[in-house]
Amino acid sequence: LPAACSRSQGKPVVLAGCVPSADGAIASSLADVSMLHVTQIDRVVEVVEEALNGNVVHLLSKRRTLPTLDLPKVRRSALVEIIPISGGCLGNCSYCKTKHARG
């Protein structure tokens, strides 16, 4: 995900999940992309709103408890969509960062 895909084209990007949580090199190389740690996923609406306002948010600290994932879908803009890269976890992906991110 090159940084050129986001701010230079006027489109904020939020990267959430296991990859930014487990790979510090990615987090540091994408300074203009907002990111969330796996355990901060319940704050995604807050981060998206900040990104739409032109701010960059990095919530990469790990919480002790995992948030509930039964959050409702809230769409405040027809221009914002969540694009899942994958669903579920078998722990066998060649690029897997989940084991490292969750500890």
Side-chain angles (χ1 to χ4, degrees):
L1 178 67
C5 293
S6 58
R7 288 216 185 267
S8 66
Q9 295 183 7
K11 299 173 185 171
V13 173
V14 176
L15 181 59
C18 57
V19 174
S21 304
D23 196 333
I26 288 178
S28 62
S29 70
L30 299 173
D32 66 340
V33 173
S34 293
M35 296 181 218
L36 287 100
H37 187 275
V38 173
T39 62
Q40 303 278 357
I41 199 70
D42 59 328
R43 296 180 67 188
V44 69
V45 173
E46 171 189 345
V47 174
V48 168
E49 287 175 348
E50 288 295 321
L52 290 173
N53 288 327
N55 301 314
V56 175
V57 179
H58 288 165
L59 294 178
L60 297 174
S61 61
K62 185 176 182 178
R63 282 199 226 153
R64 291 185 185 265
T65 58
L66 295 175
T68 62
L69 297 179
D70 58 349
L71 302 171
K73 276 190 175 181
V74 177
R75 297 291 188 261
R76 295 183 182 164
S77 169
L79 303 176
V80 175
E81 184 57 55
I82 297 170
I83 303 171
I85 295 172
S86 65
C89 178
L90 299 175
N92 295 324
C93 296
S94 61
Y95 58 86
C96 183
K97 297 286 184 181
T98 303
K99 295 173 196 171
H100 300 284
R102 291 199 172 161

*Do side-chain atoms of His58 reach the backbone of Leu60 as a donor and acceptor pair under 3.5 angstrom?*
no

*Do side-chain atoms of Gln40 reach the backbone of Ser61 as a donor and acceptor pair under 3.5 angstrom?*
yes

_Please report the interatomic distance CG(Leu59) to OG(Ser34), rounded to the nearest 0.5 Å._
8.5 Å

_Interatomic spacing from CZ in Arg43 to CG in Leu36 - rounded to 0.5 Å_ = 8.0 Å

*side chain to side chain contact (heavy atoms under 4.5 Å, CB included) assessment of Leu30 paired with Met35*: CA-CA 9 Å; Leu30 299 173; Met35 296 181 218; 3.6 Å; yes

*Nearest heavy-atom neighbours spanning Val56 and Ala31*: CG1-O, 3.5 Å

_Going by salt bridge (Lys or Arg N to Asp or Glu O under 4.0 Å), name the residues that satisfy it together with Glu50, two or more places apart in sequence or in a different chain._
none

